[in-house]
Amino acid sequence: MGKIVRKEPLAEGVVLLEIEAERVARSAQVGQFVVLMPYETSERIPISLHNWDRDKGTIEIVFQVVGRTTNELASLEVGEEPYALLGPLGKPLELHKYGLVVCIGGGLGIPPIYNIARGLREAGNKVISIIGARTASLLILEERIRSVSDKLIVCTDDGSYGEKGFVTDVLRKLLEGNKIDLVIAIGPVPMMEAVANLTRPFEIKTIVSLNPLMLDATGMCGVCRVKVGGETKFACVDGPKFDAHQVDFADLKRRLAMYKEEERRALEEWKARI
Amino acid sequence: MEGKDIEKRTPVPERPVEERIRDFGEVSLGYSKEEAIKEAKRCLGCRRPLCVEGCPVGVEIPAFIERIKEGDFKGALRKIKEKNLLPSICGRVCPSEYQCESKCVLGRLGAPISIGALERAASDYGEEEEEEMDAPPKPKRVAVIGSGPAGLTCAAELARDGIEVFVFEALHQLGGVLRYGIPSFRLPRNVIDRQIQRLKDMGVRMEGNVLVGRTIPFSDLRTKEGFDAVFIATGAGLPQLLGIKGENLEGVYSANEFLTRVNLMRADLFPQYGTPIKRGKKVAVIGGGNVAMDSARVALRLGAEEVYIVYRRTEEEMPARKVEIEHAKEEGIRFLYLLAPLEIRGNEEKELICRKMRLSDELDESGRRKVSPTEETISLPVDVVVVAIGQRPNPLIPSLEPRLARGRKGEILVDEEMRTSLEGVWAGGDIASGAATVILAMGMAKKAAQSIKKYLGVSSRE
């Protein structure tokens, strides 16, 4: 239980881990996440589920190596076990037949889009997926997303691959001439905010998956509190998916930046140690 | 014993303030054997002991104290453990002044006997013996959800009678609120570790990183997972917030978050440990309970220059234990009364705006004097704010299992035997009561264990 069985670089600084986690795999539902601690001295960090295999009893996660904890996680090799793994967490996405659904993944928002698009398609929806990255070399999981979408549109900010522009540019074009019933967007906060602003005038139901700081991730500490429709919600248990048109993105951005300086120090300390 | 000696308590030695506020080591040093024997000799050994009535788990207090008088700490510990399997924890965190000690007849002469400190002495010197596991194993399996005081107590009571017990804990370390909530200067980590190891030695199986309701569906426990009974002890983990402007500013914490960062994640050792915490110079803790005192004293140990307790009533109404209030005062925590927070302003340097309150002679439903707002406000310059105004029952399992009847505050409703509305499912501790103390949780867990044994057709040793 807990062993890493596969470790695969997907792009520069982006790693896929397949981990033995029988119960998590058995219970996983669309749109959920796990909490990981690479070592006993690590922080607990939330990472979206990318995929799971109930027969094999494994889960797959994808993360970008940016701070201390993701560096620690990337230092674990096949055969090793992270110190702690808890999940699946969060409310699963409700799978209804909406009609035409657009699933948008930006950067590290692409991996969870995989199980979401798959789930929505199995529920009888027509799924158009849009995935985007800064540049071609950072674009991940294209074939996988294509395999669970009726149509896939790829874009890069610099035009080095697919259409040139942001995922919102692609979405804007789709909004003209298509009756879209649901939009799901996962990615950096400014991207999710831009999608929300874009679909608001069209009154299209739009769901975003929020990524605030978390600690226990079981509803106990409240660090992941976000303002949604003027109410305080805990992303770990009430979310992480919320109505994009109700989310206070400015508040989320402020809270995400809370430990910037500490995060830098923690990374330095770790680098000095290894 | 001389008449006047009987009126005076043997004081419990504590580490000097200047020393203890610099680390997270235990504040109370506990009695030496000699001091314990001296204090024990004050006990009158009442024939109808009122103290026992004041104990939620019914420890035979005069009987264990009698053994301490004779220097038989081992015997004293054995006596306590007939009723209470976590004496080293209860001896430290029980609010005994409101329970057993409040009933002690010596209280009328001067000071009641220090039952809590004697319980701790028994656990310190009584060198634990192997738990007598003479009960033959029974083909019955019980799932306990949560490894806090209620979960551990229920598990121990059942395991003692040969029942196979599995404890599921969501966090990566065992102990629940003992681990994430109570700071090590009140309850050292190795005391928790030892108690948990004893339970494992008794055959209790414990697993962390399992959130029942998510990792294992709750309804699977009695079906696919094959448990004959389930005890829910998931505690009061849901923090209450103030709902005031500025509550989402950086450096504003729920007490649960603040304490968990330090107690469980060791943010005091950042950056060796990865979890950070804002170390405020001026810290305001809002609330008047034990959790507020713990938060204030943790903030002090993290290096704060000034720590305020901001409370809307006065000291008399504070729900915290007297000894905790005294310890906090000794350590230099400043108590600001009759202030109700209105707003938090600013960024790194913040202002906590409070409305001044007035005390009235009317009593509220809890029997405490009511307060009413005045027109006056004050501004307190702070950089960290900790909100410690209470917790509510953990909502996860009840929200996923609508057949579990719930009360007004989200607590799971139970009958006098701690049975829930679901067949084969019991609940106890803060999930059933709201938010209370370790010993009350243990009392409920014992009751539940008796009822579970009856349901499973297993007779108790007692």
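In this text the structure is predicted, and so the values were computed from the model without any measurement. Throughout, a chain's letter reflects where its sequence line sits, starting with A, and its residues are numbered from 1.
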For [X], is it the side chain, the backbone, both, or neither that has a heavy atom closer than 4.5 Å to a heavy atom of chain B?
X         : answer
Glu262(A) : both
Gln32(A)  : side chain
Thr69(A)  : neither

Can you confirm whether [X] is buried at [atom1], in the sense that more than 12 heavy atoms of other residues, nucleotides or ligands lie under 6.0 Å from that atom?
X         : atom1 : answer
Lys7(A)   : NZ    : yes
Glu268(A) : CD    : yes
Lys245(B) : NZ    : no
Arg408(B) : CZ    : no
Arg6(A)   : CZ    : yes
Glu94(A)  : CD    : no
Arg141(B) : CZ    : yes

Do [X] and [Y] come within less than 4.5 Å of each other through their side chains, counting heavy atoms only?
X         : Y         : result
Glu257(B) : Met220(A) : no
Glu250(B) : Tyr259(A) : no
Met265(B) : Arg44(A)  : yes
Phe234(A) : Leu238(B) : yes
Glu269(A) : Phe270(B) : no

For the residue pair [X] and [Y], what are the closest heavy atoms and their distance?
X         : Y         : value
Leu241(B) : Thr232(A) : CD1-CG2, 4.3 Å
Pro271(B) : Arg265(A) : CD-NH2, 3.8 Å
Val210(B) : Leu86(A)  : N-CD1, 3.9 Å
Arg261(B) : Val223(A) : NH2-CG2, 3.7 Å
Ser27(A)  : Thr215(B) : OG-O, 2.7 Å
Gly274(B) : Arg68(A)  : N-NH2, 3.5 Å

Among the options [options], pick out the one with the most heavy-atom pairs lying under 4.5 Å from chain B.
options                         : result
Gly219(A), Gly222(A), Ala257(A) : Gly219(A)
Ala28(A), Ala217(A), Gly87(A)   : Gly87(A)
Tyr39(A), Trp270(A), Tyr83(A)   : Tyr83(A)

Reported [atom1]-to-[atom2] distance for the pair [X] and [Y], which is rounded to 0.5 angstrom:
X         : Y         : atom1 : atom2 : answer
Lys224(B) : Arg26(A)  : NZ    : CZ    : 7.0 Å
Thr41(A)  : Leu269(B) : OG1   : CG    : 10.0 Å
Glu169(B) : Thr218(A) : CD    : OG1   : 8.5 Å

>> Tell me whether Asn209(B) contacts the main-chain N or O of Ala84(A) through its side chain, where contact means a donor paired with an acceptor under 3.5 Å.
In response: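 Not a single qualifying donor-acceptor pair exists.
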>> Has Ser254(B) got a side-chain atom pairing as donor or acceptor with Cys221(A)'s backbone, closer than 3.5 angstrom?
In response: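 Checking the backbone N and O of Cys221(A) against the side chain of Ser254(B), a donor-acceptor pair under 3.5 Å is found.
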> Among Leu259(B), Val252(B), Leu396(B), which has the most heavy-atom pairs under 4.5 Å with chain A?
Replying inline: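 The candidate making the most pairs under 4.5 Å is Val252(B).
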At a heavy-atom separation under 4.5 Å, does [X] approach chain A through its side chain, its backbone, both, or neither?
X         : value
Gln272(B) : both
Arg214(B) : both
Phe258(B) : neither

>> Pairing donors with acceptors under 3.5 angstrom, does anything connect the side chains of Arg225(A) and Asn248(B)?
In response: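 Side-chain D/A pair, Arg225(A) to Asn248(B): present.
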